[in-house]
Structures are given as structure tokens and as C-alpha cells.
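Contents: one structure, followed by commentary.
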Amino acid sequence: MNNPQHIIPLNVIQLVSAYALILLSLGLARLQRIGHEKQLLWSSMRMLFQLIAVGYLLHLLFAINSPLPVVLMLLTMAGFSLQIAGSRIKKRMPNFYRVVGSSIIIGCGGVTFYFCLLVVGYSPWFDPRYLIPLAGMIFGNAMNGASLAAERLSSEMHERREEIECALSLGATSRQSAGEAIRNAYSAALRPTINTMAATGIVALPGMMTGQILSGTEPIIAVRYQIAILCAITGAVAVTSFLIVQQGYRRFFTDAHQLKRE
Amino acid sequence: MNQPQKSGNDPIVEFTDVGVTKLSPAGTSMVILDQISFTARQGEITGIIGASGSGKSTLIRLCNRLDDPSAGTIKLNGQNIATIDPLVLRRKVAMVLQKPFMFEGTLLENLQRPFLFRKLAPPSAESLEIARVLDLVQLPAEMLKRDARSLSGGEQQRVNLARALVNHPEVLLLDEPTSALDRPSTARLASTLNTICHSEHLAIMVVTHDLYLAEHIVNHLIYLEEGRIMEQGVGTQMLAIPQTTAFSNFLAKPEREQKSSS
């Protein structure tokens, strides 16, 4: 699907020219006195070094073309997903890392396996040119869903304590008493993905598709890939968030259907 | 001073040397309740009175296993409640929480909730079941279609009571039922509780800071201080001639200082 002869390889001067836009952003930030200039500069530097490092790492992985380094890379990505999801949340649910970690591994791992091997169907299964970018997109988006599901579930369980205890007192099970909290958390986790699907192609052209088009891929083929990956992302967010809320709500209760004290 | 009450009615709830210990945020052990022993009987109202932090609310939450004790035994009809399925127990031991919580929907839908929790067909507005509880709490049937959250505080407290009674409980627990009510509403509630206790032959246990309830409807009164029973006996006798300095001092304090939710 690649036609490298169509790509203009960006050289250092072109990249420096692109960075002029960061300097412009810095100037505007200073003009508005928002006080985020250092953060903007630091983030742009992080982006530069992180992407260059990933570029060389991918180059190395492509050259080695062996399953073990690819799997290690995927596990590292899953670990970072979990760490970032955890750092974003102020009030974590009990056993946060166990709940979210297992959900990301099962949800994203399962969807990635299904999508790469059965939908796209490339060979060998570990081909880093396919597996790493596709898994990266699936993990990255599922991480956002995971953060939203976990954070919303914690806040709903906190805010609805009276409602939950009232239901428990009337003979409800833990699941029945937390039903509204579970529904709201799951809905919050899915909402951005639903919005993205609805807006794709109208409000914004997705990064994967534009990247493929820039690389010379026929737009019709690029669009097919984009449709397929959006389906995979939706599936990963849905499964991961579902596992989080289903496992997560139980952590707020004892086996005797008692709400644990905060 | 512990004086087990003498009464001809059958014992239904029996506390024997019950204690609750919890870990403080600092990690130290805190005694919430210590060596609590008393008996609540059918057809009688047991009042639990005490200052803020005395452990009243914790005590009542043990009866339907919203919390579990750290020591001692609680029996319902001679059976240790730790061996009873909490969902079954909470149908026999209903609880009205301090703040009347109304589920979204009409008054009728609120009364139907306990049936839905048990996966039973909910009774209709015309059913004898609904008529029975409305009659007990003196709410007109015309109110059934009203949005439960639009009702006044006193009306919501009655709905709360009616909802707890639809399961035909043997014991009714009330946690500070008059905390949000004015004096006329408190008097009406007191009269309602008295009627329910005798017509349904229930054991009622009521946590209160309100001496009005203690004076007018409580048969057996328990005075708690710092998690221990300092005095217990026939309510009217205890209020007329306190036997302990602790209870005398409590009665001597202005009522506003006794308002609490421990």
C-alpha cells in the first residue's frame, strides 16, 4: 500500500521551518499572558525527542522482524496506557491498577488480536509494520475510554452513596443499587468515540487516513482502513470500559452487599 | 448502667456484647461501639438517644447489616444475623435512612421499587398492597402519580416510610427520622409510628436526638455515650428520673446541642 516515490522526505531545514509555528504559538501565548509558555516549549521538545526515539525504535523493530521485541513493545505501550490513565484520575477506585490493567489487557488485547489477524489478516501475525501502529491506535483510544469509565464510576459511587444505601436497605443487590452509576460511567466512556465516528470525514480527516494518503495510498483504500480502525477502536473502548465498570463497581461493595466506607 | 427491660412482648432483635472497631485515617484503632447489649421486642418502640458521635447511627446500621460488628452477636428471632443472607435480612429488617431519598419517578414508582429489586411484578396503584401502606402513613391515593422529588420534606419522609413497609418487615429501623421536620410534622410522624407499631405488630428501633419522640412514643430507651450504653430502661421513667449523671447531664443540655447524626 506504500508508494514511497510520492513522499517528500522532510529534511532538517523543513522540520526547523515547521518548528517556527511552535515559536509563533509561544509568542501568542506570551502575548495573551496565559503563563503556559514553558509548558508549551517543554511539550514540543518532548514530542520531538519521543517521536525521533520511536522512529529509530520502529526502524530497529522492522529490521529485526522478530515476535519477541514486538510483543515487548506492545506490553510497554499497555503499561504506559495504564500509567497515564492512572495519573489523570484524581480519585481512584479501589484496586484501580488491577481493575484497569486487566481490562486494558483483555479488552485491547482481544480486539487487537481479532482485528489484526481476522479482519486485516496479514502475515506473519507480528509484522511490526501493521501490528504496532494498529495496536497503538487501539490502545491509545481505549486508554481514554478507560480513564473516563474509571473516573466517572468513582465519582458516581461517591455522589450516589445515599441512593445506593437506600436501595440496599430496600433489599437491592450491589448491582441493582449501583445500576445508575454503572450506566452513567459506561455512557461517559463511550460518548467521545460515538461523537468521533459521527464527525469523522465532516469535521476532521483522521490522522491514519491522511497519513496513508500522504504516503501515496489510494484514498479509497485509505478510507477503508480508516473505517476498519474506527470500528476496532469503538470495539476496544466498548469492551475495555465494560470490563472496567463491571469489575470496578464490585470493588465498592463487600460480599454481603454492603457499601464500603470511603 | 445497664438495666435490661422487662416486657411481655416477644424479643425479636437481641444484641449481646456487640462492639465495632474501625481504623482511623491515621491508622489507629477507634472504638465506635463497645459491649452493647439490649433487646428490642415486637409491638414496642426502642429509642436510641445520644449526642453527636455516640455511635447511634452505627448501631442501627448493624441491624440490617449495612455494617457488620467487630465483636458480639446480633440475633433476629433467635438466629444470628451473620448467618442470614443480607438480601433476605433486609426484607425482614427494613430501614428508613436519615435523608429521605426519592428515586426518579412518581410516588407509585418509588413504592414499586422494592418489588422490582426482588424481580417480582410490582403492585398496581389500585392494589390492596399500595392502599395498605398509603393508609399506614396517611398519604392520599391521589398523590401516587406525583413526581416523588417534588413532594415536601414531610411527604417524602412518609413515602420513605411507606416504601420500607411494602416488604412486610418484622423490624423497622429509623435513623433520625425527624431531623428535617418541624414540630407539627414530627408530632404527626410520631403518631404514625405509634399506629404502625401496634397495627403491624412491628418492632421499631428509632435513632433520634429529638426528645419529643423519646417522651411520646418510645417504650424502651437506650442512652449511648462514646459508644457505650450508659443507661437503658422504660422511656418515660428514664426521662422523669435519670439514674445516671451522664444521662442527667445530657438532658440538661439545650436541645440544639444534641442535634447530630453520629
Side-chain angles (χ1 to χ4, degrees), chain A residues 86 89-98 149 152-191 245-262, chain B residues 20 22-25 30 32 57-58 60-68 81-104 110-120 148-149 156 159-160 162-169 172-175:
Chain A
I89 295 173
K90 286 178 197 157
K91 192 170 172 54
R92 291 188 203 131
M93 67 169 77
N95 304 103
F96 173 86
Y97 284 106
R98 197 184 301 170
R152 186 64 182 266
L153 185 65
S154 286
S155 63
E156 289 271 336
M157 292 299 292
H158 173 71
E159 285 162 17
R160 292 179 181 272
R161 274 191 88 82
E162 281 174 19
E163 174 185 343
I164 291 167
E165 289 219 311
C166 176
L168 290 174
S169 298
L170 292 169
T173 61
S174 311
R175 177 72 179 78
Q176 287 171 328
S177 70
E180 200 67 23
I182 294 170
R183 273 190 292 280
N184 287 348
Y186 194 53
S187 168
L190 282 186
R191 182 63 48 200
V245 296
Q246 286 301 324
Q247 287 191 81
Y249 88 85
R250 291 187 173 90
R251 311 286 168 162
F252 292 89
F253 293 94
T254 68
D255 291 339
H257 303 281
Q258 294 161 326
L259 192 55
K260 289 179 185 168
R261 285 189 178 262
E262 290 183 330
Chain B
V20 173
K22 283 180 182 155
L23 277 181
S24 72
M30 292 189 305
I32 309 294
S57 293
T58 304
I60 208 165
R61 288 167 62 87
L62 299 175
C63 301
N64 70 345
R65 294 193 66 196
L66 280 183
D67 283 325
D68 281 333
I81 63 166
T83 64
I84 305 175
D85 177 349
L87 301 181
V88 175
L89 176 72
R90 288 172 195 156
R91 282 163 209 154
K92 292 180 180 174
V93 183
M95 186 166 183
V96 175
L97 297 169
Q98 186 174 0
K99 288 182 189 166
F101 180 83
M102 294 292 106
F103 293 104
E104 207 177 314
N110 267 270
L111 297 180
Q112 290 171 332
R113 277 283 176 141
F115 293 88
L116 298 176
F117 289 144
R118 292 163 68 183
K119 296 182 177 147
L120 298 174
R149 290 181 177 172
Q156 287 193 0
V159 177
N160 227 357
R163 201 172 49 190
L165 292 167
V166 291
N167 278 336
H168 290 274
L172 180 63
L173 312 170
L174 298 112
D175 189 2

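Fair warning: this is a prediction, and the values are worked out from it, not measured in the lab.
Residue Arg161(A) places its CZ atom among more than 12 non-hydrogen atoms of other residues, nucleotides or ligands, all under 6.0 Å distant. More than 12 heavy-atom neighbours from other residues, nucleotides or ligands sit within 6.0 angstrom of NE2 on His168(B). Taking a 6.0 Å sphere around CZ of Arg149(B), one finds it holds more than 12 heavy atoms contributed by other residues, nucleotides or ligands.
Only the side chain of Arg61(B) comes within less than 4.5 Å of a heavy atom in chain A; its backbone stays farther off. Looking at Leu66(B), both its backbone and its side chain come within 4.5 Å of chain A, counting heavy atoms on both sides. In this structure, the portion of Leu116(B) lying under 4.5 Å from any heavy atom of chain A is its backbone and not its side chain.
Contact count against chain A (heavy-atom pairs under 4.5 Å) is highest for Asp67(B) among Val166(B), Asn64(B), Asp67(B).
Here the side chain of Gln258(A) pairs a donor or acceptor atom with the backbone of Arg65(B) at under 3.5 angstrom.
To the nearest 0.5 Å, atom NE2 of residue His257(A) and atom CG of residue Leu87(B) are 4.0 Å apart. Residue Glu104(B) holds its CD atom at 6.5 Å from CD of Glu180(A), rounded to the nearest 0.5 Å. Separating the NZ atom in Lys99(B) from the SG atom in Cys166(A) is a distance of 13.0 Å, to the nearest 0.5 Å.
Inter-residue side-chain proximity for Lys119(B) and Gln176(A) is flagged as met; some heavy-atom pair is nearer than 4.5 Å.
In terms of heavy-atom proximity, Arg90(B) sits nearest to Ala256(A) at NH2-O, 3.1 Å.
Residues from residues 167-174 of chain A that place a non-hydrogen atom less than 4.5 Å from a non-hydrogen atom of chain B comprise Ala167(A), Leu168(A), Ser169(A), Leu170(A), Gly171(A), Ala172(A), Thr173(A), given in numerical order.
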